[in-house]
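Reviewing the structure listed below.
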Amino acid sequence: MPELPEVETVRRGLAPAMEGAEIVRLELRRGDLRFPFPLEFAASVAGRRVVSLSRRAKYLLIDLDNGMTVIAHLGMSGSFRIEADIAAVTPGDFHHPRSKNEAHDHVIFHLTRNGEQSRIVYNDPRRFGFMDIVVRSEMASHPFFRDLGPEPTGNALSAPDLAKRFAGKAQPLKSALLDQKMIAGLGNIYVCEALWRAHLSPLRASGTLVTKTGKPREKLVLLVASIREVIADAIAAGGSSLRDHIQTDGSLGYFQHSFSVYDQEGAACRTPGCGGTVGRIVQAGRSTFYCATCQK
DNA sequence: CCTTGAACCTGGGCGC
DNA sequence: TGCGCCCAGGTTCAAG
């Protein structure tokens with residue numbers, strides 16, 4: 001499920017339940033997800049207090065009071081849910097349908113705070129997600145983070161900076177933007193949506209957005225603005241919910257109702273006056289949705 | 001260096 | 001109902 005807006009939504013959902021709480025026990029219900037859990041993972045976490053939750057790219061970061069940070073990546077199908085005792089319900093309760101795939105509850109954080117117990121459950125049917133724990137001061141040099149590009153939120157991402165990365169590249173915009181070294185946190189949905197907003201073809205060579213002297217062309221400035229806007233809009237909507245619930249309380253994000261091109265093959269292009277039709281092609285083994293009429 | 005394709009997994013949807 | 005095939009929000013690694 002998760003690109004940057006979905007992970008940010010998870011972070012915001014978990015923060016009130018986790019920050020300040022003590023992790024009494026970390027329950028690992030199998031030895032691995034995509035990778036084996038690190039040695040001493042459960043022991044390093046047990047008895048620690050959660051200082052804060054943050055995010056870098058698509059990684060959720062759980063800062064502990066011993067100077068270590070738990071890193072969680074949700075892969076394609078990972079999700080967290082909160083189970084508070086006060087909200088404990090009968091299995092099958094209408095408002096809290098018991099997930100039929102409890103078999104995929106792989107990691108459980110058992111928490112306590114002010115005498116109240118709760119659990120944070122990580123579920124991941126496909127197990128493309130993974131968790132690790134690192135010393136916080138060494139995190140920036142960790143292989144997961146070392147090569148990441150700027151965040152598309154805030155001011156970290158700029159057109160001149162992206163121009164440097166794009167200069168001379170024949171790589172199509174679609175795959176360049178999916179590359180986490182270019183910009184951190186974009187995935188298939190938001191790359192398609194940003195390119196549509198900027199009226200740029202996903203097939204276009206990224207180097208064509210840069211002048212001979214290495215300056216961003218007008219189109220690149222527009223692309224950067226489009227990326228920022230689509231990410232901000234998606235976060236405001238609580239992310240996109242496709243096959244899974246993404247919010248920690250079981251509710252759905254609703255940005256999927258705002259898709260202009262993603263998963264919209266055959267639909268009329270929503271660009272005013274365009275009249276084109278949304279098409280689907282495959283690039284680097286992944287679906288790209290775009291309007292060939294207005295995206296050049 | 002670059003690009004493509006396969007691999008890692010499970011489940012949902014669709015056509016027959 | 002059932003089976004087989006295709007597809008899916010990500011990332012990595014091998015091969016050409």
Side-chain angles (χ1 to χ4, degrees), chain A residues 1-11 29-36 55-60 71-80 99-107 122-132 142-149 152 165-195 202-207 230-231 234-235 237-247 252-259 261-266 280-289:
Chain A
M1 84 165 101
E3 300 179 34
L4 187 158
E6 290 73 39
V7 179
E8 178 61 22
T9 298
V10 168
R11 187 195 71 76
R29 306 185 66 176
R30 51 180 295 135
D32 61 5
L33 290 171
R34 176 165 183 183
F35 308 120
R55 179 195 56 72
R56 171 74 170 110
K58 301 170 190 172
Y59 295 95
L60 179 71
I71 300 167
H73 193 293
L74 285 66
M76 290 279 263
S77 60
S79 63
F80 282 95
S99 86
K100 59 192 171 210
N101 58 353
E102 269 182 11
H104 300 304
D105 288 348
H106 303 310
V107 179
Y122 178 72
N123 181 284
D124 189 354
R126 294 178 73 180
R127 303 201 303 277
F128 286 174
F130 51 90
M131 291 191 195
D132 202 350
H142 190 283
F144 292 156
F145 301 96
R146 199 178 41 205
D147 300 322
L148 285 177
R165 299 166 191 272
F166 277 5
K169 290 218 176 268
Q171 187 180 29
L173 285 171
K174 172 71 188 312
S175 45
L177 294 177
L178 278 178
D179 185 344
Q180 303 296 295
K181 292 192 280 298
M182 291 283 187
I183 301 175
L186 300 184
N188 212 26
I189 293 174
Y190 300 110
V191 167
C192 291
E193 293 295 317
L195 287 170
L203 297 163
R204 180 162 168 170
S206 34
V230 76
I231 292 296
I235 290 173
S240 304
S241 302
L242 271 57
R243 278 151 277 279
D244 296 299
H245 290 201
I246 65 154
Q247 299 200 19
L252 299 173
Y254 52 87
F255 193 75
Q256 66 276 13
H257 302 303
S258 301
F259 289 166
V261 285
Y262 183 82
D263 206 20
Q264 303 299 309
E265 185 180 12
R280 173 184 177 272
I281 60 175
V282 175
Q283 291 178 283
R286 313 200 56 194
S287 290
T288 296
F289 298 92

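Please read these numbers as outputs of a predicted model, since none were measured by experiment. Note on naming: letters A, B, ... go to the chains in the order of the sequence lines (proteins, then strands), and numbering restarts at 1 for each one.
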Determine the Euclidean distance between corresponding P atoms of dC6(C) and dG5(B); express it in Å to zero decimal places. 15 Å
Which part of the nucleic acid does Gly285(A) contact within heavy-atom distance under 4.0 Å: base, sugar-phosphate only, or nothing? nothing
Spacing between Arg286(A) atom CZ and dT11(C) atom P, to the nearest angstrom: 8 Å
Do the side-chain N or O atoms of Lys58(A) get closer than 4.0 angstrom to the phosphate oxygens (OP1, OP2) of dT11(C)? yes
Which atom of Arg165(A) lies closest to which atom of Lys181(A), heavy atoms considered: NH1-O, 2.9 Å
Choosing from dT11(C), dC7(C), dG9(C), which nucleotide comes nearest the side chain of His73(A)? dT11(C)
Protein-nucleotide distance (Asn188(A), atom CG; dA8(C), atom P), rounded to Å: 8 Å
Side chain of Gln171(A) only, please: which of dT3(B), dG9(C), dT10(B) is the nearest? dT3(B)
Once you round it to whole Å, what is the distance between C1' of dG5(B) and CD of Gln283(A)? 15 Å
Just wondering, do Leu4(A) and Pro152(A) contact through their side chains at under 4.5 Å, heavy atoms? yes
Whole-Å distance separating the CZ atom of Arg126(A) from the C1' atom of dG9(C): 9 Å
Is any side-chain heavy atom of His73(A) less than 4.5 Å from a side-chain heavy atom of Phe144(A)? no
In this structure, how many angstroms lie between the P atom of dT12(C) and the CG atom of Leu148(A), rounded? 9 Å
Rounded to the nearest angstrom, tell me the gap between atom CG in Leu203(A) and atom C1' in dT4(B). 15 Å
Point-to-point distance, once rounded to the nearest 0.5 Å, from OG1 of Thr9(A) to CZ of Phe80(A): 14.0 Å
Lys181(A) NZ - dC1(B) C1' separation (whole Å): 12 Å
What nucleotide, of dT3(B), dG9(C), dT10(B), holds the atom closest to the side chain of Tyr262(A)? dG9(C)
Look at His104(A) and dC9(B) and indicate whether a side-chain polar atom (N or O) is within less than 4.0 Å of OP1 or OP2. no
Between dC5(C) and dA7(B), how far apart are the two P atoms, rounded to whole Å? 16 Å
At 4.0 Å (heavy atoms only), tell me whether Tyr190(A) reaches a base, stays on the sugar-phosphate, or touches nothing. nothing
Interatomic spacing from CG in Leu33(A) to CG in Asp132(A) - rounded to 0.5 Å: 11.0 Å
Just checking Arg34(A): base, sugar-phosphate only, or nothing, at a heavy-atom cut-off of under 4.0 Å? base
Whole-Å distance, Leu33(A) CG to dC8(B) C1', equals 12 Å
With the criterion set at under 5.5 Å between ring centres and under 30 degrees between planes, would dT11(C) be stacked on Phe128(A)? no
Taking the minimum atom-to-atom distance to the side chain of Pro172(A), which one of dT3(B), dT10(B), dG9(C) wins? dT3(B)
Indicate the ring-plane relationship of Phe289(A) and Tyr262(A), choosing parallel, tilted or perpendicular according to the 30° and 60° boundaries. perpendicular
Would you indicate what Ser287(A) reaches in the nucleic acid, counting non-hydrogen atoms under 4.0 angstrom: base, sugar-phosphate, or nothing? sugar-phosphate
Now, which nucleotide makes the Watson-Crick or G-U wobble pair with dG10(C), with each of the two distances under 3.5 Å? dC8(B)
